[in-house]
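Order of the sequence lines fixes the chain letters, A, B, ..., with proteins taken first and strands second; residue numbering starts at 1 for each chain.
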Amino acid sequence: MQKPTIPKGTRDFTPQEMANRNYIFNTIKDVFQLYGFQQIETPAMENLSTLMGKYGEEGDKLLFKILNSGDFISGASDNELLDRNSSKLTNKFSEKGLRYDLTVPFARFVVQHQNEISFPFKRYQMQPVWRADRPQKGRYREFYQCDVDVVGSNSLLNELELIQIVDEVYRRLKINVCLKLNNRKILSGIAEIIGEAEKITDITVAIDKMDKIGLEKVNEEIASKGIAAEAIAKLQPILKLSGTNSEKLIQLKSVLAESEIGQKGISELETIFELCEAMKVQTKIELDLTLARGLNYYTGAIFEVKALDVEIGSITGGGRYDNLTGVFGLDGVSGVGISFGADRIYDVLNQLALYPETSAEQTQILFVSFGEKELLYCLPWLSSLRAQKINSEVYPESTKMKKQMTYADNKRIPFVAIVGETEMNADKVMLKNMKTGEQALVSMDELLEKMKFYR
RNA sequence: GUGGUUGUAGCUCAGUUGGUUAGAGCGUCGGUUUGUGGUUCCGAAAGUCGCGGGUUCGAGCCCCGUCUCCCACCCCA
């Protein structure tokens, strides 16, 4: 028989791995809740009409589509089948797809539930998303995103709070990061003053590659998009911008003096920097004009977080989008949000071995016994421990002690309670510390007292 | 979607110019006077050599296809 496998780009997670992953999810979740965000979930699958056209042409290709149930082929005529046009046939065969991110389903959610939501709506969502991408380093076809967004508020205080959340999450996870900040309005201003406003997407996609391919290649790519040489020349001082954040802003102010939207972007950034300083955000924040990000719906701030000690690409990203719900028929709702890439954070933590030594999930005490009578004797002890929220279990069969001890060892259970006739007669258990090897006869009260530090 | 790369036991890998029943370490399981694990010693199970085809008297090894892994591009968490 063929050995079973899982689809490419997907992974199984063992109990040990899940303990590590839950450490990440719980850390992120705790911080989200600390800032007043509430959790929602949306279905794994959405109607394709909700998903299609929201991520550009590339994105549509990367959507996993779900075959219609039943006789899906009846949806297409003979001529359409003979045509062999896959993209047209896809529409006939499939009307649902797996979600590609959490932002678009969230926009759909806001529109659909607009009358039940009170704004500003602060929500978080931690669920897997799927992309039919070719897997490679730090890239999976199924991965988790942890999104926090505020919709229905234009205040830059939201940007501040998101930055504070980034600051707090990575402080707790002990990952050194740099937060890169940009503003779409500045990018628009740049495109405007060089007279290529309608080419903004091409320009931003190209300059996004700056630290990867260098200035020269970026210029080549921009030129290849049909942008005039003089416009490219005008762009140079901006691409070569250097110095501290405030020095960069001063330079930008003069370069973008003629652009109203550019000035707006600069003042937004100034406000954000001031707020961060006032609130003593520890994370290094860097104004980075080459940060453009792929998704075109950002209209204000753009964030990206990079791990400093690991080469892995961005581990968190986001920004402000003024009219995301517009595509679903609800105008005038502004949102700002960020997404933590849990799987990349997991890779970073794995490489740096930054997990806490003991997991809150592990069993703290295992009862080892010698027979049926002893097994039954253990049960009330377990109930008492569990009532005190101490993770505990009993080895459910009376096999050799070696096997039971090995079991405890493999699960890294720190304490074992040995129960034989002697212990039963004394109404006690033999409590053994697996690390030191020390053991002592203890009563129920003594046991609960000792174990209460291991909740 | 394009290009490159990898595949032998649960895991990490040996395997000679093509030549008998394909090996090791780790892990697993069992035993080492049946009330003591993580460190000893002994033993066992475990592989259609990714899959399919071809060349050959003979293929883990050579050729073709395919899938998979990883890497780069595109794009992106």
Side-chain angles (χ1 to χ4, degrees), chain A residues 1-12 14 24 28 55-63 86-87 99-103 126-147 201 204-206 208-209 212-213 217 221 291-296 303-307 311-318 337-348 366 368-371 374 395 398-424 429-439 441:
Chain A
M1 198 172 100
Q2 183 99 21
K3 276 180 199 168
T5 57
I6 54 175
K8 80 158 83 163
T10 65
R11 294 159 299 165
D12 285 329
T14 62
I24 296 170
I28 293 173
Y55 309 104
E57 216 176 301
E58 276 301 316
D60 284 355
K61 276 194 247 170
L62 296 180
L63 283 171
S86 352
S87 63
R99 74 166 99 78
Y100 178 90
D101 71 0
L102 300 179
T103 308
M126 313 203 317
Q127 290 187 277
V129 302
W130 294 270
R131 296 183 188 179
D133 212 353
R134 192 174 282 207
Q136 52 179 284
K137 191 169 199 71
R139 272 177 126 166
Y140 307 96
R141 297 176 105 179
E142 177 185 63
F143 61 96
Y144 275 76
Q145 290 190 333
C146 308
D147 275 31
T201 305
T204 55
V205 167
D208 192 45
K209 295 175 188 164
K212 207 170 192 177
I213 62 177
K217 297 262 179 169
E221 183 163 332
L291 172 61
R293 308 215 32 78
L295 300 177
N296 283 322
F303 311 103
E304 183 165 293
V305 177
K306 289 206 150 169
E311 198 64 43
I312 195 158
S314 91
I315 54 178
T316 291
I338 50 172
S339 175
F340 288 79
D343 294 271
R344 284 196 177 168
I345 295 172
Y346 176 65
D347 288 348
V348 170
L366 172 78
V368 163
S369 66
F370 295 101
E374 286 88 344
Y395 196 91
S398 46
T399 57
K400 289 193 191 75
M401 196 156 181
K402 181 189 168 92
K403 192 166 165 78
Q404 301 189 46
M405 295 298 278
T406 305
Y407 176 86
D409 226 27
N410 289 339
K411 282 186 85 170
R412 302 212 172 81
I413 299 172
F415 292 96
V416 163
I418 300 165
V419 177
E421 226 171 296
T422 331
E423 286 80 9
M424 284 202 294
V429 298
M430 181 67 80
L431 179 66
K432 172 166 180 150
N433 181 325
M434 292 295 275
K435 206 164 181 182
T436 63
E438 289 167 336
Q439 56 185 54
L441 265 183

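- Among the protein residues, A:Gly59 comes within range of no part of the nucleic acid, since none of its heavy atoms lies under 4.0 Å from any strand.
- The pair A:Arg139-A:Asp133 meets the salt-bridge criterion, since a charged nitrogen lies less than 4.0 angstrom from a carboxylate oxygen.
- Of all non-hydrogen atoms in A:Ala342 and A:Ile24, the two that sit nearest each other are O-CD1, 4.4 Å.
- Between the side-chain ring of A:Phe370 and the base of B:G35, no stacking contact exists by the 5.5 Å and 30° definition.
- As a whole-Å value, the separation of A:Lys61 NZ from B:C74 P is 13 Å.
- Annotation for A:Met126 and A:Ile28: closest pair SD-CG2, 4.2 Å, computed over non-hydrogen atoms.
- Between A:Tyr144 and A:Asp343, the closest heavy-atom pair is N-OD2, 2.5 Å.
- Residue A:Lys411 is classed as having no contact, given no heavy-atom separation below 4.0 Å to the nucleic acid.
- Distance, A:Leu441 CG to B:U36 P: 16 Å, rounded to whole Å.
- In this structure, B:C26 and B:G10 make a Watson-Crick or G-U wobble pair, each of the two defining distances being under 3.5 angstrom.
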>> Working note: A:Phe143 + A:Val129, criterion side-chain contact (heavy atoms from CB on, under 4.5 Å); need CA distance, chi angles, decisive distance, verdict.
In response: CA-CA 6 Å; A:Phe143 61 96; A:Val129 302; 3.5 Å; yes
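- Atom CD in A:Glu374 sits roughly 15 Å away from atom P in B:U36 (whole-Å rounding).
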> For every nucleotide of nucleotides 27-34 of chain B, 5' to 3': is a protein heavy atom under 4.0 Å from its base (B), only from its sugar-phosphate (S), or from neither (-)?
Replying inline: ---SSB--
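- Residue A:Glu423 places a side-chain atom within donor-acceptor reach of the base of B:G35, judged by atom type and a 3.5 Å distance cut-off alone.
- A:Arg344 places no side-chain N or O within donor-acceptor distance of the main-chain N or O of A:Ile315, the cut-off being under 3.5 Å.
- Summarising the base pairing, B:U21 is matched to no nucleotide, lacking a Watson-Crick or G-U wobble pair whose two defining distances lie under 3.5 Å.
- Rounded to whole Å, the C1' atom of B:A9 lies 10 Å from the corresponding atom of B:G23.
- Rounded to a whole Å, the CG atom of A:Asp101 is 11 Å from the C1' atom of B:C76.
- If you check B:G38 for Watson-Crick or wobble pairing at under 3.5 angstrom, you find it has no partner at all.
- At the heavy-atom level, A:Glu57 lies nowhere under 4.0 Å from the strands shown.
- Look at the C1' atom in both B:G19 and B:U66: the space between them is 29 Å, to the nearest Å.
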>> As a quick check of understanding, evaluate side-chain contact (heavy atoms from CB on, under 4.5 Å) for A:Thr316 and A:Glu304, giving each step before the final call.
In response: CA-CA 6 Å; A:Thr316 291; A:Glu304 183 165 293; over 6 Å; no
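- For B:U36, the base has a donor-acceptor partner in the side chain of A:Gln439 [N/O atoms by modelled type, under 3.5 angstrom].
- Contact between A:Asp409 and A:Met434 at its shortest, heavy atoms only, is OD1-CE, 4.0 Å.
- Base contact: A:Lys435 has a heavy atom under 4.0 Å from a base atom.
- Across all strands shown, B:U66 forms a Watson-Crick or G-U wobble pair, both distances under 3.5 Å, with B:G50.
- With respect to the salt-bridge test (charged N to carboxylate O, under 4.0 angstrom), the residues A:Lys137 and A:Asp347 do not qualify.
- Distance, A:Leu366 CG to B:G38 P: 15 Å, rounded to whole Å.
- Looking at heavy-atom distances under 4.0 Å, A:Ile418 makes contact with a base.
- Taking atom NZ of residue A:Lys306 and atom P of nucleotide B:A77, one finds them 12 Å apart after rounding to whole Å.
- As a whole-Å value, the separation of A:Met401 CE from B:U36 C1' is 4 Å.
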Under 3.5 Å, which protein N or O atoms sit close to an N or O of nucleotides 66-71 of chain B? Give each pair with its distance.
| from | atom 1 | to | atom 2 | distance (Å) |
| --- | --- | --- | --- | --- |
| B:C71 | OP2 | A:Lys137 | N | 2.4 |

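- Under a 4.0 Å N-O distance rule, the pair A:Glu438/A:Lys432 does not qualify as a salt bridge.
- The distance between atom CD1 of A:Ile413 and atom C1' of B:G38, rounded to the nearest whole Å, is 13 Å.
- Judged purely by distance below 3.5 Å, without hydrogens or angles, the side chains of A:Tyr55 and A:Asp101 pair a donor atom with an acceptor atom.
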